[in-house]
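Some notes on the structure that comes next.
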Amino acid sequence: MVLKIGVIGTGAIGKDHIHRITNTLNGGEIIAVTDVNPEQAEAVVETENLNAEIFKDGHALIQSPNVDAVVVTSWGPTHEEFVLASIAAGKPVFCEKPLATTAEGCKRIVDAEVESGKQLVTVGFMRRYDQGYRALKKTIKENQIGTPLMLHCAHRNQNAPAFHGDMPITDSFVHEIDILRWLLQDDYVSVQVIQPRRTRFANDGMQDSYMILLETKEGIRIDAEVFVNCQYGYDVQCQVVGDTGIANLPEPASVVVRKDAKLSSDILTDWKPRFIDAYDVEIQEWIDATLKGEMNGPSAWDGYVVSVTVDACLEAKNSEKIIPIDLPECPSFYREAKVEV
Ligand SMILES: NC(=O)C1=CN([C@@H]2O[C@H](COP(=O)(O)OP(=O)(O)OC[C@H]3O[C@@H](n4cnc5c(N)ncnc54)[C@H](O)[C@@H]3O)[C@@H](O)[C@H]2O)C=CC1
Ligand SMILES: O=C1[C@H](O)[C@H](O)[C@@H](O)[C@H](O)[C@H]1O
């Protein structure tokens, strides 16, 4: 059986996911695409030699009887409408982050999904599928470092020419917000946002970097740097300090060269190669689960929790105060046993 997939938004990551589904992964076929820029849609159909229909808009694609499942890779502000329409059509939907650009929008999706009675929504937090993060979580779960006490993290982009405003938090730090609660199986209770001296490489008016301090329900303290114009490379760090040991997120594999009295290895310069394997695993697991009528990835509730935490980060940034993160109890609909990813 093949999952017949429709893709809304054929830009950078939409094209990537279409390419991997078409050429690398198993079980999925792209049979429908749409983009507000029709040339983008036409180009990917030609480039990937797709046997796909080009729809006039996302809603027509979702309503097509030929589409089994939907991939939303359009701009963030459009995600809510397409996810809600997919739920209304009873179709599984993979939505790239963010689930919605506001916590209220995410909650509307959660409420609609609960009302539908079936988990249909998967959110594109691909770090949960990174082998390094999975190994780190295994180390913690196996009690190899004892009880986690603190985390020291950094999320650095070499540069971010398209970033402006609060995007270091709303577009980049969202990955830490999701992966760290997944890693710790814990939730956040407060956040403080510190603005160090601003780098001269940031776009006008944008603060870059940030130091973000999170506290969890279990009392774990997290300090996380987000720096989107670090210049030297693309570098994601995560150190977990336990009461009997320390565990670090593995560095991406890179040959170590000893030459001319120097020791050197390469650092990646972009997020695509850093997480390419994670994206492959993420989409393959989504296809496999969807074909079985299951859903085991980051849920709409996870997308909502991230959005609530982003809002608290922005309030903390503006107020320079420690802001409480008040999350409602996770609905039982999302707590039911499922393959934990
Ligand atoms: N998980 C991850 O690591 C990544 C996630 N993303 C997320 O994916 C989404 C897309 O990002 P990019 O591909 O970088 O953007 P992009 O701008 O390269 O592509 C977005 C595409 O969506 C199209 N589009 C916008 N509104 C539309 C609508 N209403 N209907 C149909 N098409 C529409 C645009 O014309 C464009 O072709 C964003 O939400 C972004 O945050 C992006 C990069 C990495
Ligand atoms: O969504 C993304 C990418 O996935 C990268 O992981 C981040 O580093 C980047 O800043 C953000 O745009």
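For reference, positions follow the sequence shown, starting with 1. The model shown is predicted, which means the values in this text are computed figures rather than measured ones.
- In this structure, the side chain of R134 engages the main chain of R128 through a donor-acceptor pair within 3.5 Å.
- Side-chain N or O atoms of D130 include one that pairs as donor or acceptor with a backbone N or O of G132 at under 3.5 Å.
- The closest side-chain heavy-atom distance from Q207 to K317 is not below 4.5 Å.
- With values rounded to the nearest 0.5 angstrom, I246 atom CD1 is found 9.5 Å from L149 atom CG.
- For S86, the side-chain contact (heavy atoms from CB on, under 4.5 Å) test picks out I62, V70, V93, with sequence neighbours left out.
- Note that the CG atom of L84 and the CD atom of E113 stand 10.0 Å from one another [nearest 0.5 Å].
- Judged by distance alone, with hydrogens and angles left aside, the side-chain atoms of T244 form a donor-acceptor pair with the main-chain N or O of G146 at under 3.5 Å.
- Among all heavy-atom pairs drawn from F82 and T78, the shortest one is CD1-O, 3.2 Å.
- Taking the charged nitrogens against the carboxylate oxygens, D186 and K217 have no contact shorter than 4.0 Å, which rules out a salt bridge.
- When only modelled atom types and interatomic distance are considered, H152 and R221 share no side-chain donor-acceptor pair under 3.5 Å.
- Side-chain N or O atoms of D16 include none that pairs as donor or acceptor with a backbone N or O of I13 at under 3.5 Å.
- Residues L184 and P148 share a closest heavy-atom pair of CD2-CB, 4.1 Å.
- Summarising the geometry, atom OG1 belonging to T290 is positioned 10.0 Å from atom CZ belonging to F94; distances are rounded to the nearest 0.5 Å.
- Of all non-hydrogen atoms in K4 and N66, the two that sit nearest each other are CB-O, 3.4 Å.
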Could you go through R274 and Y234, starting from their C-alpha distance and side-chain angles, then the distance that decides it, and tell me whether this counts as side-chain hydrogen bond (donor to acceptor under 3.5 Å, both in side chains)? CA-CA 8 Å; R274 171 64 182 79; Y234 185 79; over 6 Å; no
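- Just one residue in the list I325, V191, L314 forms a side chain to side chain contact (heavy atoms under 4.5 Å, CB included) with T309, and that residue is I325.
- Here the closest non-hydrogen pair linking I109 and A300 is CG2-CB, 4.0 Å.
- Put simply, the side chain of R335 reaches to within 4.5 Å of the side chain of E329, judged on heavy atoms.
- Judged purely by distance below 3.5 Å, without hydrogens or angles, the side chains of N229 and Q231 never pair a donor atom with an acceptor atom.
- The pair E104-R108 does not meet the salt-bridge criterion, since no charged nitrogen lies less than 4.0 angstrom from a carboxylate oxygen.
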Can you list the steps and then say if D68 with K91 is a salt bridge (Lys or Arg N to Asp or Glu O under 4.0 Å)? CA-CA 6 Å; D68 298 330; K91 296 193 177 179; over 6 Å; no
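- One N or O on the side chain of T73 and one on the backbone of G9 form a donor-acceptor pair closer than 3.5 Å.
- Between K97 and D178 no salt bridge is recorded (no basic side-chain N to carboxylate O distance below 4.0 Å).
- Sorted by first and then second residue, the ring pair (Phe, Tyr, Trp, His ring centres under 6.0 Å) pairs involving residues 184-227 (not counting sequence neighbours) form an empty list.
- Looking only at side-chain heavy atoms (C-beta outward), I212 and I169 come within less than 4.5 Å of each other.
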Return all side-chain donor-acceptor pairs below 3.5 angstrom for residues 50-60, not counting sequence neighbours, or 'none' if the list is empty.
{"residue": "D57", "atom": "OD1", "partner": "H59", "partner atom": "N", "Å": "2.9"}
{"residue": "D57", "atom": "OD1", "partner": "A60", "partner atom": "N", "Å": "2.7"}
{"residue": "H59", "atom": "NE2", "partner": "E81", "partner atom": "OE1", "Å": "2.6"}

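- When all heavy atoms of V33 and T10 are compared, the closest pair comes out as CB-CG2, 4.0 Å.
- Nearest heavy atom pair, residue S172 against residue V228, reads OG-CG1, 4.0 Å.
- Between the H79 side chain and the S74 main chain, a donor and an acceptor come within less than 3.5 Å of each other.
- The line from CG of N143 to CD1 of I145 is 9.0 Å long, rounded to the nearest 0.5 Å.
- Going from atom CG of D223 over to atom SG of C153 covers 7.0 Å, rounded to the nearest 0.5 Å.
- The line from OG of S209 to CZ of R197 is 11.5 Å long, rounded to the nearest 0.5 Å.
- Within the structure, ring pair (Phe, Tyr, Trp, His ring centres under 6.0 Å) contacts touching residues 304-325 (residues at least two apart or in different chains) are W301-Y304.
- Remark: the backbone N or O of M206 is not paired with any side-chain donor or acceptor of N203 at under 3.5 angstrom.
- The pair K321-E315 does not count as a salt bridge, with every side-chain nitrogen at least 4.0 angstrom from each carboxylate oxygen.
- Following chains of ILVMFWY side-chain contacts shorter than 4.5 Å, one cannot reach L3 starting from L61, and the two form parts of different hydrophobic clusters.
- Residues Y334 and Q119 have side chains in contact (heavy-atom distance under 4.5 Å, counting atoms from C-beta outward).
- No single ILVMFWY cluster, assembled from side-chain heavy atoms under 4.5 Å apart, contains both I287 and M295.
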What donor-acceptor contacts under 3.5 angstrom involve side-chain atoms of residues 276-284, with partners at least two apart or in another chain?
{"residue": "D280", "atom": "OD1", "partner": "R20", "partner atom": "NE", "Å": "2.6"}
{"residue": "E282", "atom": "OE2", "partner": "M126", "partner atom": "N", "Å": "3.4"}
{"residue": "Q284", "atom": "OE1", "partner": "N26", "partner atom": "N", "Å": "2.8"}
{"residue": "Q284", "atom": "NE2", "partner": "N26", "partner atom": "O", "Å": "2.8"}
{"residue": "Q284", "atom": "NE2", "partner": "D288", "partner atom": "OD1", "Å": "2.9"}

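- Residue pairs meeting the ring pair (Phe, Tyr, Trp, His ring centres under 6.0 Å) criterion with at least one partner in residues 305-330, sequence neighbours excluded, do not occur; the list is empty.
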